[in-house]
2 protein chains.
Amino acid sequence: MARRKDHTREELKNLILEMSWRLVGKEGPQGLTARRLADAIGYAPGTIYNVFPSMDALYLQVNARTLDLLHGVLASPACHDAKKTPVQNMKKMAQLYRSFAQDMRPYWLMLFSHDLPETREVEPWYQEKIDRLFTSLEILLAPTFSGKQQRKMKMAARILWASTHGLCFLEETGKMPKLDGESAFESMANYLIDSFVIGMKTAPVAQE
Amino acid sequence: MARRKDHTREELKNLILEMSWRLVGKEGPQGLTARRLADAIGYAPGTIYNVFPSMDALYLQVNARTLDLLHGVLASPACHDAKKTPVQNMKKMAQLYRSFAQDMRPYWLMLFSHDLPETREVEPWYQEKIDRLFTSLEILLAPTFSGKQQRKMKMAARILWASTHGLCFLEETGKMPKLDGESAFESMANYLIDSFVIGMKTAPVAQE
DNA sequence: CTTTTATAATGAACACCGTTCATTATTTAT
DNA sequence: ATAAATAATGAACGGTGTTCATTATAAAAG
């Protein structure tokens, strides 16, 4: 059987990616295996390797899609409201990130599952998708810093991003001690942003 | 063959754990498999299951050991120097965390690899080991807050912890855009701590 | 000093996994 | 109608965690 042409190469690629997405959503990253995937699309396992070089490459494509969705959320007007203060927008952005993590849990967790080939270098196109996310935050911080403080602004953006992610990640994976009965992400994120923004202008930054 | 008594049950348990530790250190979490482990200690794979209920349980024990080591570092006098300011000690603690992450990379990464049975609840004894880490930071923050601000202090500790971890994690896993050529963890951690400490007293905190 | 009982250790077997590649079936070109 | 090209296959390889009837040994009983 060859060139069944049920699907063109491109169609097949999309089909595989779409089914991968569904499998991860339903059963988590563990649910995405070559055999299950082949079964679900009505092809043999080997066929997948005619389209993707490895399952890892496919995982990466799923992650890429997740990053695109996340970027869509963080670049949305919901947290770039000109009528609101930068701090308000930042708080909103933190909430959006947290909501994304909860709503898209298996996809979001997959972004940080690091059992992959270990130390492999991230490819530029993938790094670009990551960098975009930080840009969304830099846009909110830019007005607060002068032109000569670009480096400081970029550092602030990285710090706020990493901090928000840290809060979200530790909480979502049960690695944060409970404070009261409930999750306190929102109040902690708000406290973080308020505090950091107050201090970030007067605090010094080490020279490059 | 039974009751070879080469080792008592306890000895065998220690032997397995010790060898697991070495395997993870040498080849990462992937290197710790039932067969390799059995081979390394001179027993059959089935024997491991007479001592540990599953490989996951063993992974958890390795993580427990890592957490103990980390606690030893963060509770050390190096970052609890009475002659230094709380901020200085906090900065030192952040550096110690980062050094730990680098020096014990495979163990440290394993703490956050979340391919485990997914949503399994963390057992209390394990949660306790996590909570201890936060306590080390609370000790540094305590003098800065009044008795009535205990909740606020605990929130500040969780925020600073999560933020530092976030910085470290994103950087170590290549998910942080490069700022200059080099890693900027130290200067970012310092900037974070300086800024947050400046603002954390005046910034409001949502009521419970 | 047997003989029985209890049990520690085994390792083949099961159902999975990612991946390879010679083979096959089908389409396209001659 | 034949030949060349190629899409799809699926058995096979070497791995994984886990189970459990079997076996070999140590302890207890006779």
Side-chain angles (χ1 to χ4, degrees), chain A residues 1-21 23-24 26-63 106 110 113-118 120, chain B residues 1-21 23-24 26-63 106 110 113-118 120:
Chain A
M1 44 314 261
R3 228 180 280 178
R4 294 191 332 190
K5 200 90 158 299
D6 290 4
H7 311 91
T8 68
R9 191 98 308 205
E10 201 60 27
E11 282 175 343
L12 191 50
K13 191 167 187 172
N14 290 338
L15 182 63
I16 288 175
L17 199 55
E18 195 56 44
M19 190 56 75
S20 297
W21 185 260
L23 284 174
V24 171
K26 257 192 295 187
E27 319 180 48
Q30 311 282 14
L32 178 53
T33 73
R35 284 172 183 78
R36 278 207 247 196
L37 175 56
D39 221 51
I41 62 172
Y43 279 82
T47 301
I48 296 165
Y49 288 82
N50 294 348
V51 183
F52 290 94
S54 69
M55 288 303 288
D56 271 356
L58 194 44
Y59 297 149
L60 201 69
Q61 289 301 319
V62 172
N63 279 348
M110 196 170 160
S113 87
H114 200 263
D115 289 2
L116 310 182
E118 193 66 37
R120 185 198 41 186
Chain B
M1 46 311 262
R3 227 180 280 180
R4 296 195 327 194
K5 202 86 160 302
D6 289 5
H7 311 92
T8 69
R9 192 96 310 202
E10 201 59 27
E11 282 174 342
L12 191 50
K13 192 166 185 172
N14 291 338
L15 181 63
I16 289 175
L17 199 56
E18 195 55 44
M19 191 56 77
S20 298
W21 185 262
L23 284 174
V24 172
K26 257 192 294 186
E27 319 181 47
Q30 310 283 13
L32 178 53
T33 74
R35 284 172 183 79
R36 277 208 249 195
L37 175 57
D39 222 52
I41 61 171
Y43 279 82
T47 301
I48 295 164
Y49 288 82
N50 295 347
V51 183
F52 290 94
S54 71
M55 287 302 288
D56 271 356
L58 193 46
Y59 298 148
L60 202 68
Q61 289 302 320
V62 171
N63 279 347
M110 195 170 161
S113 88
H114 200 263
D115 290 0
L116 310 182
E118 194 64 40
R120 185 199 40 189

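In what follows, chains carry the letters A, B, and so on, assigned in the order in which the sequence lines appear, proteins first and then strands, with residues in each chain numbered from 1.
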Interatomic spacing from CZ in F52(A) to CG in L12(A) - rounded to 0.5 Å | 8.5 Å

Got a second to check how far L58(B)'s CG is from K13(B)'s NZ, nearest 0.5 Å?
-> 10.0 Å

Phosphate oxygens OP1/OP2 of dG17(D): is one of them under 4.0 Å from a side-chain N or O of Y59(B)?
-> yes

Please state how far atom CZ in F52(A) lies from atom P in dG18(C), giving the value in whole angstrom units.
-> 15 Å

Which residue lies toward the 5' end of DNA chain C, V51(B) or S54(A), if each is placed at its nearest nucleotide?
-> V51(B)

Rounding to a whole Å, what distance do you find between H7(B):NE2 and dT25(D):C1'?
-> 16 Å

Assign L58(B) to base, sugar-phosphate, or nothing according to its heavy-atom contacts below 4.0 angstrom with the strands shown.
-> nothing

CG on L37(B) to CG on L23(B), rounded to 0.5 Å = 6.0 Å

Please determine, for the side chain of T47(A), which listed nucleotide (dT18(D), dA8(C), dA8(D)) has the closest atom?
-> dA8(D)

What nucleotide among dG11(C), dT19(C), dA8(C) has an atom nearest to a side-chain atom of M55(A)?
-> dT19(C)

Interatomic distance, I41(B) CD1 vs dA8(C) P [rounded to whole Å] | 15 Å

For atom CG of N50(A) and atom P of dT9(D), their distance in whole Å = 9 Å

Provide, to the nearest angstrom, the distance between the CD atom belonging to E10(A) and the P atom belonging to dA7(D).
-> 14 Å

Measure from CG on L37(A) to C1' on dC16(C) and round the result to the nearest Å.
-> 16 Å

Out of curiosity, H7(B) NE2 to I16(B) CD1, how far, rounded to the nearest 0.5 Å?
-> 10.0 Å

Can you tell me how far C1' of dT6(D) sits from OH of Y49(A), to the nearest Å?
-> 21 Å

May I ask you to say what T33(B) touches in the nucleic acid, namely base, sugar-phosphate or nothing, with a heavy-atom cut-off under 4.0 Å?
-> sugar-phosphate

Check every atom of dA9(C), dG10(D), dA8(D) against the side chain of L12(B) and return the nucleotide holding the closest atom.
-> dA9(C)

Report the residue (P53(A) or Y43(B)) whose heavy-atom-nearest nucleotide on DNA chain C is the more 5′ of the two.
-> Y43(B)

Is the backbone N or O of M110(A) less than 3.5 Å from a side-chain atom of Y59(A), with the two atoms forming a donor-acceptor pair by type?
-> no

Rounded to the nearest Å, what distance is computed from the CG atom of residue D39(A) to the P atom of nucleotide dG10(D)?
-> 11 Å

Selection from dT10(C), dT19(C), dT9(D) that lies nearest to any side-chain heavy atom of A34(A) | dT19(C)

DNA chain D nearest-nucleotide lookup for R35(A) and I48(A): closer to the 5′ end is I48(A)

Examine dA15(C): is either OP1 or OP2 under 4.0 Å from a nitrogen or oxygen in the side chain of R36(A)? Give yes or no.
-> no

